[in-house]
Trainee: 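Starting off with a structure, shown below.
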Amino acid sequence: MVKAITARTLQASATNTAGSTTTGTALDTRAGFGMLITGKITNGATGPTVACNFILEVSHDNTNYKTFISATSQLGNAVVTEWVVDLPPTCSYVRSKFVGNTGQSVTVECLGSEWTTLS
């Protein structure tokens, strides 16, 4: 048997400015069999005063979102923090959120590999 994996983008590489929130595109995952999600936060040459948080939210109806995971990046100049999250097939919708950094902007990104078919 061969499984088909489809690349998905929850949040393309973007700047989350100090004090802002960057919310990614919500994905409908009802037809898939789960997804491996990677989150990434890159501090600038001068790191933020307070670290940025990476949050994955899930929803049953694409309206009411709840926190699935929340993780805080590391502080420091030019530090890269990455996570890998296995989203179960029981999830209906998922989106990413980056929030909390103060003092400096950070670069954020969230990508997925969705298991879409089995043949």
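Quick caveat, the model's predicted, so the values are computed rather than measured.
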Trainee: Tell me the closest heavy-atom pair linking Gln104 and Thr46, and the distance in Å.
Mentor: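 Residues Gln104 and Thr46, closest heavy atoms: CG-O, 3.4 Å.
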
Trainee: Just how far is it from atom CZ of Phe54 to atom CD1 of Ile37, taken to the nearest 0.5 Å?
Mentor: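 Here the interatomic distance stands at 7.0 Å.
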
Trainee: Between Val108 and Ile69, is there shared hydrophobic-cluster membership here, with clusters defined by ILVMFWY side-chain heavy atoms closer than 4.5 Å?
Mentor: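 Looking at the clustering, Ile69 is in the same group as Val108.
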
Trainee: Does the side chain of Leu27 reach to within under 4.5 Å of the side chain of Glu114, using non-hydrogen atoms?
Mentor: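 Side-chain contact under 4.5 Å: no.
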
Trainee: Going by heavy atoms in the side chains, are Trp115 and Leu36 under 4.5 Å from each other?
Mentor: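 No - every pair of side-chain heavy atoms lies 4.5 Å or more apart.
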
Trainee: Apply side chain to side chain contact (heavy atoms under 4.5 Å, CB included) to the pair Ile41 and Trp83, showing each step before the final yes or no.
Mentor: CA-CA 9 Å; Ile41 298 173; Trp83 300 270; 3.7 Å; yes

Trainee: Hydrophobic cluster membership, with links at side-chain heavy-atom distances under 4.5 Å among I/L/V/M/F/W/Y: are Phe98 and Leu111 in one?
Mentor: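 Different hydrophobic clusters.
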
Trainee: Kindly work out whether a path of hydrophobic side-chain contacts (I/L/V/M/F/W/Y, heavy atoms less than 4.5 Å apart) joins Ile5 to Phe33.
Mentor: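 In one cluster with Ile5: Phe33, yes.
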
Trainee: Do any N or O atoms from the side chain of Asn16 and from the backbone of Asn101 form a donor-acceptor pair under 3.5 angstrom?
Mentor: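 Checking the backbone N and O of Asn101 against the side chain of Asn16, no donor-acceptor pair under 3.5 Å is found.
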
Trainee: Quick check on the hydrophobic clustering: are Val58 and Met35 connected, directly or via other members, by side-chain heavy-atom contacts under 4.5 Å?
Mentor: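 Yes; tracing contacts between hydrophobic side chains, which count when under 4.5 Å, links both residues.
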
Trainee: Is a side-chain N or O of Asn53 found less than 3.5 angstrom from the main chain of Gly100, in a donor-acceptor match?
Mentor: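 No, because the side chain of Asn53 does not come within donor-acceptor range (under 3.5 Å) of the backbone of Gly100.
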
Trainee: Hey, mind stepping through Thr116 and Thr6 against side-chain hydrogen bond (donor to acceptor under 3.5 Å, both in side chains) and telling me if it holds?
Mentor: CA-CA 6 Å; Thr116 51; Thr6 302; 3.1 Å; yes

Trainee: With a 4.5 Å limit on heavy-atom distance, are the side chains of Thr42 and Lys40 in contact?
Mentor: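 The answer is yes; the side chains approach within 4.5 Å.
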
Trainee: Indicate the atoms forming the closest heavy-atom contact of Phe68 with Val85, along with that distance.
Mentor: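 Shortest heavy-atom contact: CE2-CG1, 3.8 Å.
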
Trainee: So, the side chain of Thr81 versus the backbone of Gln74: is there a donor-acceptor pair under 3.5 Å, distance only?
Mentor: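 Such a contact is found between Thr81 side chain and Gln74 backbone.
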
Trainee: To the nearest 0.5 Å, what is the distance between CG on Leu87 and OG on Ser113?
Mentor: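 Here the interatomic distance stands at 12.0 Å.
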
Trainee: Taking all non-hydrogen atoms of both residues, which atom of Ala45 and which atom of Asn77 are closest, and how far apart?
Mentor: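 It is O-CB, 2.9 Å.
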
Trainee: Side chains of Asn62 and Ser92: closer than 4.5 Å at any heavy-atom pair?
Mentor: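 With C-beta onward as the side chain, the pair stays apart.
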
Trainee: Search all heavy atoms of Ser105 against all heavy atoms of Thr15 and return the closest pair with its distance.
Mentor: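 For Ser105 versus Thr15, the nearest heavy atoms are CB-CG2, 3.6 Å.
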
Trainee: Would you find a donor on one side and an acceptor on the other, under 3.5 Å apart, between the side chain of Thr23 and the backbone of Lys97?
Mentor: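 Checked: no pair found.
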
Trainee: Applying the 4.5 Å side-chain criterion to the ILVMFWY set and letting contacts propagate, would Val79 and Leu75 be lumped into a single cluster?
Mentor: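 Different hydrophobic clusters.
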
Trainee: Is any side-chain heavy atom of Ser73 closer than 4.5 Å to a side-chain heavy atom of Val106?
Mentor: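 Side-chain contact under 4.5 Å: no.
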
Trainee: For the side chain of Asn43 and the backbone of Ala78, is there at least one donor-acceptor N/O pair under 3.5 Å apart?
Mentor: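 Looks like no, no N/O pair under 3.5 Å.
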
Trainee: Calculate, to the nearest 0.5 Å, the distance between atoms CD and OG belonging to Glu57 and Ser70 respectively.
Mentor: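 Taking CD in Glu57 and OG in Ser70, the distance rounds to 9.5 Å.
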
Trainee: Quick check against the 3.5 Å criterion: does Thr29 have a side-chain atom that pairs as donor or acceptor with the backbone of Cys91?
Mentor: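 Judged by distance alone, yes, a pair lies under 3.5 Å.
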
Trainee: Measuring only between side-chain heavy atoms, which start at C-beta, is Val2 closer than 4.5 Å to Ser119?
Mentor: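 When only atoms from C-beta onward are counted, Ser119 and Val2 do touch, with a gap below 4.5 Å.
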
Trainee: Taking Val99's backbone N and O only, do any of them form a donor-acceptor pair with Thr21's side chain (distance below 3.5 Å, no angle check)?
Mentor: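 No.
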
